[in-house]
Trainee: 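Attaching a single structure in structure tokens format; questions to follow.
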Amino acid sequence: MAPRCRRYPLPLPRSSTGSGSRRFSFSPVDSSSAAESGVAGSTSRALHSGVAWYAGIRGKFYEGKQSSDFYKWGSGLSLGGVRHARVASMAAVGAKFEAKPEDCIEVSVDGKDVTIAKGMTVLQACEVAGVDIPRFCYHPRLSIAGNCRMCLVEVEKTPKPVASCAMPALPGMKIKTTTPLVKKAREGVMEFLLINHPLDCPICDQGGECDLQDQSMVYGSDRGRFIEAKRSVVDKNLGPLVKTVMTRCIQCTRCVRFASEIAGVQDLGVLGRGGAEEIGTYVERLMVSELSGNVIDICPVGALTAKPSAFTARSWELKSTESIDVSDAIGANIRIDSRGPEVMRILPRLNEEVNEEWISDKARFAYDGLKRQRLNEPLIRSADGQLEPVSWARALKTVAEAALKVNPDQMAAIAGKLSDAEAMMALKDLMNRLGCERLWVEGNGEDTVADLRSNYLVNSTIAGLENTDACLLVGTELRIEAPLLNHRLRKAVRNLRAKVGVVGPETELHFKAEHLGNNAEVLASIAEGKHPFAQTLSKAKFPSIVVGSGVLQRSDKEAVLAAVQTISQNANVIRDDWNGYNFVLLNAAQAAGLDLGFVPGSRATVGDKSSIKFLYLLGADDLTPEDIPVDAFVVYQGHHGDRSAYRADVILPGVAYSEKEGTFENTEGRTQQTSPAVPTVGDARDDWKIIRALSELAGVKLPYDTLNGVRARMLAVAPNLFRVDELEPATPLPKESLPEVKAKLESSPFKRAIENFYMTDPISRASKTMAQSTAAFSRS
Amino acid sequence: MAWRSKLSQSLRELRIHMCQTSVASKATREFVVKNYKDLKTLNPRLPILIRECSGIQPRLWARYDYGVERSIPLDGLSEPEINAKLEELVETAPQSKTPMHA
């Protein structure tokens, strides 16, 4: 049995291969080694530059070809589209991608000669040669510890076996991985690791997907010689998300390095020496990070496991479905593991361009909310104020009749945070056909201008933000609003010493950032060039601005955005080869909603809500009952009986993201699709189908009745939503082409867009785990 | 060009599809760069959705009252011709059909 690391399932899933991994791939025949070495990017800086530049050599070989061909070649997978703009920006971003053949060295692995970049380790050289080296402590995204000793190999003319993960490969090195010495060394290391490892695999949640279990089968001895008592370690309390069984820990220190290097919290450490060595927080405290759940994935044994799913499932009885996370606007690639009708857990998938291999705790643990508070049958509010179950036909007829009674000017439709593009498309068409123009998506504000895509997307791309060397955050708490984007910015601060200035609410970002103030005056003074940070930005090579979509809720949003535009012009943030103007959205539905033009049409009423007589809520829960007029007829279509469902006159049960095939666009403009992992609940129906059925009863039949039909319609509205797994870059208009803004800045401070990271949408509000996390980690 | 200020009277939404790089979309891109400011200033509340997507045919979409839509392909047209097509979409706006509402 070949050992398989569960983080990098081979072969790579179709959509989980970002161009990053293609960029760094080495062998056109062996996609497995390409995947493994592909993630070798960010270990240490020396390694990083070595690998990146080796990719440059590869690029050189193929520069005569079309750039998209170069991408295709790496993993042997078709990308299907063109990414000229992305390629151009990458070429601009780095001289590091230029080829320098003299920096190549040749080594031999088991008699096979391979060419690698200078600075790569022996272990990476073996990967290039397609030889698998067992390892526990080595992780391509973390610094090198070299303490598990599992990766020992023999190098000719060295007296002892060497730890390949920590040994730089030198020219002419002859590496041997199949000799009796190596076999004996691995067996010995494994025996020592198992001395103090409990034999509790049958009751361990990691059982079946455990690196130690797998590797002991392949490299270990067939019997143990240890008969003394094993050591035991007191479990640590890391909060409601991560369960610890510290006796199982093999002190690989991956979690310690993850915490300090990726999450940016310095809480975990190694205590004691020798047999008394243990991982802990010294004084009892929780590890407070939005990314803390990832330590579960990087732990090679069962020491850190998921607390909410403890003892609920075995890995081999789960069905995996590749999908997209909707808990924020990043669109992290996830794998939904289900058993029968139940979602058992959610794990990240590899996508270098979006989430690398991390996901936020909300994405990982809010799934138990999918089982609570679900709407499973159509309901109508009866005369006595109670909601009564009715048939679909009657519910839809009631809605249609109510809609036709109302003047179109007195109608409104709001799409909620988790709405998919298909449902929003259908709802927009339906409302437009009824004559209603008053539409908006939660988080976008009620009268946002959606004309230019470059104004509301992360133009540097999520991965591209790593290249910035000066960044201004405006009105955003990036760590809470988009933890994975914050992580990218953190990389820029760590690797490039990027300077970060914050105008907005003061928040711990887990990296060094200068808080410039929380009012519009600071913004104005940067725009006028009076503030020292204006110089910092204009001196930077790749300056960037990150604006939080919380500013859309401000009454002076036009003035704020105009000030940001001025700053971006003064600092040359938008150039042909680099666009550092980034607008960060909060919710999964926002980008697609803006692209589809789910905004008020011309001559629509805006602002005053008291005139609304018919309100269609597509999973929208942000309006308080006071905002909704008493005499309005409210339709709530959604999957959870959340806030607004209590005000609804008719409830139409829709489906959650884990149950449907829906299109979502993330905050950088990447179109991705979810796939159904579990069956729908009760009598619930796909959201767009409900709206399609309703349109027929309302006498304005929509011209599509298949999912492909809706998508073809999306092609006529926002064609980029038809290009799944692709990023269509947005071209900014020059300043001369933009209308003048006359609005004035107000002095009010920027408000927090998210009060509680753990509960932002109907699913996470229904989740018990998220409630526990709120209690344990919340800032108030 | 008085018809331009009538845009938001006859249209509910204007969409312009084009490719970021292709030759076929070049005139459309130029049209947007030159005319967006004027159109938006005259019609501040009209959504003028500029949607870029690689390799697509440049096209002008107009949405009128009650979800009625019309579109005109723009490949091969020069910038003044695009302007004329837009005027055509405005001038030939369909009569608002009587709402079915009571």
Side-chain angles (χ1 to χ4, degrees), chain A residues 81-85 403-408 411 428-437 447-454 594-604 606 669 671 698-700 702 715-723 726 728-731 733-740, chain B residues 5-22 25 28-71 96-102:
Chain A
V82 196
R83 300 197 181 190
H84 297 309
L404 293 178
K405 264 185 233 159
V406 177
N407 186 327
M411 296 161 86
K428 177 174 149 71
D429 279 346
L430 169 68
M431 297 313 278
N432 287 164
R433 277 164 192 248
L434 287 172
C436 166
E437 294 289 333
D447 57 344
T448 297
V449 177
D451 290 3
L452 301 168
R453 294 183 77 227
S454 61
L594 288 165
D595 266 4
L596 290 172
F598 205 95
V599 292
S602 69
R603 288 172 282 141
V606 169
T671 307
V700 286
L702 296 175
L715 184 65
V717 177
N720 53 296
L721 287 173
F722 206 66
R723 304 276 169 91
E726 280 185 39
E728 286 295 339
T731 325
L733 283 188
K735 189 198 169 199
E736 304 78 61
S737 306
L738 299 173
E740 284 158 31
Chain B
S5 48
K6 281 186 358 201
L7 216 58
S8 50
Q9 297 303 312
S10 44
L11 265 65
R12 288 294 197 172
E13 173 184 296
L14 177 67
R15 298 197 299 269
I16 303 172
H17 288 179
M18 60 191 191
C19 169
Q20 297 98 333
T21 46
S22 78
S25 297
T28 314
R29 274 198 306 280
E30 277 168 15
F31 174 79
V32 170
V33 169
K34 285 188 190 156
N35 295 288
Y36 175 74
K37 183 179 180 179
D38 186 42
L39 290 173
K40 194 67 188 175
T41 315
L42 291 170
N43 307 283
R45 301 215 46 82
L46 173 77
I48 305 173
L49 309 175
I50 292 151
R51 294 294 172 258
E52 294 164 300
C53 184
S54 52
I56 56 156
Q57 186 189 35
R59 203 173 256 274
L60 209 53
W61 289 85
R63 180 163 66 77
Y64 305 98
D65 288 342
Y66 298 100
V68 178
E69 290 199 359
R70 271 190 205 161
S71 78
S96 291
K97 59 175 179 178
T98 30
M100 59 202 58
H101 303 74

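Protein chains get the first letters and strands the later ones, always in sequence-line order, with residue 1 at the start of each. Every value quoted in this text rests on a predicted model; they were computed, and no experiment measured them.
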Trainee: Quick one: do B/Thr41 and A/Glu740 satisfy side-chain hydrogen bond (donor to acceptor under 3.5 Å, both in side chains)? Show the steps, please.
Mentor: CA-CA 8 Å; B/Thr41 315; A/Glu740 284 158 31; over 6 Å; no
Trainee: Keeping the roles fixed (side chain from A/Ser602, backbone from B/Leu11), state whether a donor-acceptor pair exists under 3.5 Å.
Mentor: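 Yes; at least one donor-acceptor contact below 3.5 Å.
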Trainee: Flag the one option from A/Ala604, A/Ala450, A/Gly597 with the top tally of heavy-atom pairs under 4.5 Å to chain B.
Mentor: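 Top option by heavy-atom pairs under 4.5 Å: A/Ala450.
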Trainee: Flag the pair A/Glu728 / B/Arg51 as yes when at least one side-chain heavy-atom distance between them is below 4.5 Å, and no otherwise.
Mentor: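 Heavy-atom side-chain distance check fails, nothing below 4.5 Å.
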Trainee: Which answer fits A/Leu721, side chain, backbone, both or neither, if we ask what part of it has an atom under 4.5 Å from a heavy atom of chain B?
Mentor: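 A/Leu721 has no heavy atom closer than 4.5 Å to chain B.
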Trainee: With chain B, which of A/Asp429, A/Leu733, A/Asn432 has the greatest number of heavy-atom pairs at distances under 4.5 Å?
Mentor: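 Highest number of pairs under 4.5 Å: A/Asn432.
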Trainee: For B/Arg59, is it the side chain, the backbone, both or neither that has a heavy atom under 4.5 Å from a heavy atom of chain A?
Mentor: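 No part of B/Arg59 comes within 4.5 Å of chain A.
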Trainee: Compare all side-chain heavy atoms of A/Lys428 with those of B/Glu13 and state whether any distance is below 4.5 angstrom.
Mentor: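 A side-chain contact under 4.5 Å exists here.
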Trainee: Find the one option among B/Pro44, B/Ser71, B/Cys53 whose heavy-atom pairs under 4.5 Å with chain A are most numerous.
Mentor: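 Among B/Pro44, B/Ser71, B/Cys53, the one with the most close pairs to chain A is B/Cys53.
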Trainee: List the atom of A/Pro600, the atom of B/Pro47, and the distance in Å for their closest heavy-atom pair.
Mentor: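 Nearest heavy atoms, A/Pro600 then B/Pro47: O-CG, 3.4 Å.
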Trainee: Check the pair A/Leu738, B/Lys37 against side chain to side chain contact (heavy atoms under 4.5 Å, CB included), reporting the backbone distance first and the verdict last.
Mentor: CA-CA 5 Å; A/Leu738 299 173; B/Lys37 183 179 180 179; over 6 Å; no
Trainee: Where does A/Pro734 contact chain B at under 4.5 Å (heavy atoms): side chain, backbone, both or neither?
Mentor: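 Contact with chain B is through the side chain of A/Pro734 alone.
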Trainee: For B/Ser54, is there any backbone N or O sitting under 3.5 Å from a side-chain donor or acceptor partner on A/Arg723?
Mentor: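 Such a contact is found between A/Arg723 side chain and B/Ser54 backbone.
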Trainee: Given heavy-atom pairs under 4.5 angstrom as the criterion, report whether the side chain, backbone, both or neither of A/Val606 touches chain B.
Mentor: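 Contact with chain B: side chain only.
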Trainee: Is it the backbone or the side chain of A/Leu715 that comes under 4.5 Å from a heavy atom of chain B, or both, or neither?
Mentor: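 Contact with chain B: backbone only.
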Trainee: Side chain from CB out, backbone as N, CA, C, O: work out which of these in B/Leu39 comes under 4.5 Å of a heavy atom of chain A, or both, or neither.
Mentor: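 Neither part.
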Trainee: Check whether any side-chain N or O of B/Arg15 sits under 3.5 Å from a backbone N or O of A/Ala716 as a donor-acceptor pair, and report yes or no.
Mentor: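 Between the backbone of A/Ala716 and the side chain of B/Arg15 there is a qualifying donor-acceptor contact (under 3.5 Å).
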Trainee: Is it the case that the side chain of A/Arg603 and the backbone of B/Ser8 share a donor-acceptor pair, with hydrogens and angles ignored and the cut-off at 3.5 Å?
Mentor: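 Yes.
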Trainee: Check the pair B/Lys34, A/Glu736 against side chain to side chain contact (heavy atoms under 4.5 Å, CB included), reporting the backbone distance first and the verdict last.
Mentor: CA-CA 9 Å; B/Lys34 285 188 190 156; A/Glu736 304 78 61; over 6 Å; no
Trainee: Evaluate side chain to side chain contact (heavy atoms under 4.5 Å, CB included) for A/Arg453 paired with B/Ile50, printing each intermediate quantity in order.
Mentor: CA-CA 7 Å; A/Arg453 294 183 77 227; B/Ile50 292 151; over 6 Å; no
Trainee: I want to check something: taking the side chain as every heavy atom from C-beta on, are B/Arg45 and A/Glu437 in contact at a cut-off of under 4.5 Å?
Mentor: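 A side-chain contact is absent here, since even the closest heavy-atom pair is not under 4.5 Å.
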Trainee: At a heavy-atom distance under 4.5 Å, which candidate from B/Arg63, B/Lys40, B/Glu69 has the highest pair count against chain A?
Mentor: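 The option with the most such pairs is B/Arg63.
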Trainee: In terms of heavy-atom pairs under 4.5 Å with chain B, which of A/Asp595, A/Leu452, A/Val449 leads?
Mentor: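 The residue among A/Asp595, A/Leu452, A/Val449 with the greatest pair count is A/Asp595.
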Trainee: Between B/Tyr66 and A/Val700, is there a side-chain heavy-atom distance shorter than 4.5 Å?
Mentor: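 No, every pair of side-chain atoms sits at 4.5 Å or beyond.
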Trainee: Please answer whether the main-chain N or O of A/Pro729 pairs with a side-chain N or O of B/Gln20 as donor and acceptor at a distance below 3.5 Å.
Mentor: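 At least one qualifying donor-acceptor pair exists.
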Trainee: Who among B/Asn35, B/Leu14, B/Val33 has the most heavy-atom pairs with chain A under 4.5 Å?
Mentor: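 Going by pairs under 4.5 Å, I would pick B/Val33.
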Trainee: Please test B/Glu52 against A/Asn720 for side chain to side chain contact (heavy atoms under 4.5 Å, CB included), starting from the C-alpha separation and ending with a verdict.
Mentor: CA-CA 7 Å; B/Glu52 294 164 300; A/Asn720 53 296; over 6 Å; no
